[in-house]
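Here's the structure we're looking at; comments come further down.
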Amino acid sequence: MHIKKLLWVLLLFPALAMAQGQGVTWGSRIRVDDAPGLATHQAIHPYTIIDDSLADNPRVYTVWEDDRDNDGSHAIYFARSTDLAVSYSRPNIVVCNDSLDNVYPWMVKGASGAIYIAWQVKYPDTKWRIYFSKSTDGGNTFSLPDTVKGVWVNNNKDDQNNYGPLPRIAVDPKDSILYLVWTEAFGTTATKVRMAYSLTRDVNFTGLVRVNTDSTKAAKHPAIVTDDSGKVFVTYEQSNSGNTNDPQCDIFCNSSGDYGLTFGTDAMINDNGDVARMQNPTIDRINSKTMVIWEDTRTGVAASNAQPVLFFSQKADTSSAFSANILVSDTATSGNWNYRPRMAMDQVTGNMIVVWHSNLGLTDSLFELRLCAFNDTSNQFNPSVPMYNTFTGNSGANFGNIFYPPAVAITNIDSVANYFLVWRDLSEDTTGNLYSVRGQVVTSQVDLDIFPDLLDGAGDSLNFGVLPAG
């Protein structure tokens with residue numbers, strides 16, 4: 001470790017640096033939404049990405065749902081930062097108004113300022129539709145929102161186990177194909193994971209396929225990642241029956257090697273059998289490895305399907321199966337819940353961190369963000385640390401349905417890893433305001449590669465381990 005630089009950090013930010021993890025400092029939190037003052041309004045489910053196509057001035061994009069007039073219907077809002085999260089655009093841009101209830105937005109970036117957003121909308125007939133909008137000018141303007149065309153989206157589920165279609169989108173690095181996955185559900189038929197693609201990267205989709213192999217088993221809550229070689233990977237949770245409300249699901253993954261035209265036979269990722277509740281997987285990919293993290297109650301009282309921890313598995317393209325599952329979050333303790341993990345990868349250096357909602361060491365009505373980093377040498381995650389001054393939720397009811405994967409993004413600026421977090425915070429507005437913070441690795445020439453080491457505590461490596469508060 002570079003002692004002089006580390007001491008410089010600790011002298012300037014003693015409590016913050018020591019509490020958050022050695023070698024990373026976090027700036028002041030910045031308000032993202034621009035609702036007047038501290039007025040009560042539900043700003044919820046933020047999702048954040050980085051556009052680092054301009055290496056000297058990357059942009060931070062955030063999208064969320066917002067009920068500013070408190071009428072029960074949410075609009076889709078968008079904000080961007082062009083100064084590395086020092087400030088966010090004012091006024092916020094309304095991508096879609098609240099004439100209908102718009103929820104669960106997801107966003108990816110394309111080339112030359114392209115931004116794609118998909119979300120679900122509840123119609124008066126109680127069925128969900130998937131809406132889409134895009135920007136071709138870096139978020140200055142967005143196209144008129146519209147339902148996706150060319151594919152039939154059928155889903156009228158909205159309960160503690162089924163949250164509607166939950167659309168997710170991904171675009172290949174060449175910005176040539178836009179992929180859309182969602183959950184199909186109608187009547188008592190087992191839910192299915194569907195996928196389609198758009199060659200025009202707009203509302204027009206084609207190539208409808210079923211991703212989960214067994215159509216008699218209920219599959220839902222998909223996540224997707226792709227690369228520029230034609231590979232598409234989709235992970236999802238699937239019950240051992242056709243019961244869409246079966247709380248004990250397994251985590252599966254299926255892949256396509258022909259740009260999503262066909263999928264093979266899916267594989268179960270969890271290695272403990274169908275004996276616990278496993279749900280809400282998230283997926284990412286780097287250096288020909290596919291990585292999945294999910295919520296898992298195997299270490300708790302499985303019969304109650306409660307108190308989930310987080311598990312991780314990965315698979316190299318040359319491997320025949322996913323690796324043995326390893327624990328991400330800290331060992332489960334009584335009354336501890338961990339929800340909605342999200343990985344963030346630095347595609348330049350290979351850095352990976354995981355962020356999620358947890359009440360570890362707190363009360364049942366107080367959740368905060370926790371984060372940790374992966375040590376590829378020891379094949380384990382370093383002990384998690386709480387994210388400074390966050391209050392992200394007050395209940396883990398309905399299997400954590402109030403939570404969304406924390407909005408986290410990484411980019412590399414002048415050979416330094418920069419972390420951007422956006423979250424819904426209840427400390428001022430009990431229904432939620434949105435805040436952002438930027439973190440920077442303050443040591444240089446550190447060993448931050450995921451292969452063989454990532455953010456580990458050996459030699460010149462960064463250490464996210466828990467340290468005493470200063």
Within residues 172-181 or reaching into it, pairs that qualify as salt bridge (Lys or Arg N to Asp or Glu O under 4.0 Å) - sequence neighbours excluded: Asp175-Arg201

Ala407: what forms a side-chain contact (heavy atoms from CB on, under 4.5 Å) with it, not counting sequence neighbours? Thr48, Arg342, Val422

When rounded to the nearest 0.5 Å, the distance separating SG of Cys249 from CE of Met278 is 8.0 Å

CA sep, side-chain torsions, deciding dist, call: Phe78, Phe142, ring-ring contact (aromatic ring centres under 6.0 Å, His included): CA-CA 10 Å; Phe78 171 88; Phe142 282 86; 4.9 Å; yes

Where do Thr191 and Thr183 come nearest, in terms of heavy atoms and distance? CB-CG2, 3.9 Å

For the residue pair Val148 and Tyr131, establish whether any side-chain heavy-atom pair is separated by less than 4.5 Å. no

Checking side-chain polar atoms at under 3.5 Å, does Asn394 have a donor or acceptor matched by the opposite partner on Ser365? no

Centroid separation Tyr61 to Tyr47 less than 6.0 Å: no

State, with a plain yes or no, whether a side-chain heavy atom of Glu65 is found less than 4.5 Å away from one of Asn102. no

What distance separates Ser73 OG from Leu100 CG, expressed to the nearest 0.5 Å? 7.0 Å

Regarding Asp258 and Thr262, do their side chains bring together a donor and an acceptor under 3.5 Å, going by distance alone? yes

Hey, could you give me each pair passing side-chain hydrogen bond (donor to acceptor under 3.5 Å, both in side chains) that has a residue in residues 103-115? Not counting sequence neighbours. Tyr104-Asn401

Between Tyr163 and His221, does the ring centroid distance fall short of 6.0 Å? yes

What about the rings of Tyr197 and Tyr259, do their centers lie closer together than 6.0 Å? no

Asn287 side chain vs Lys289 backbone, donor-acceptor pair below 3.5 Å: no

Does either side chain, that of Asn270 or that of Asp250, offer a donor lying less than 3.5 Å from an acceptor on the other one? yes

Thr147 side chain to Lys149 side chain, donor-acceptor N/O pair below 3.5 angstrom: yes

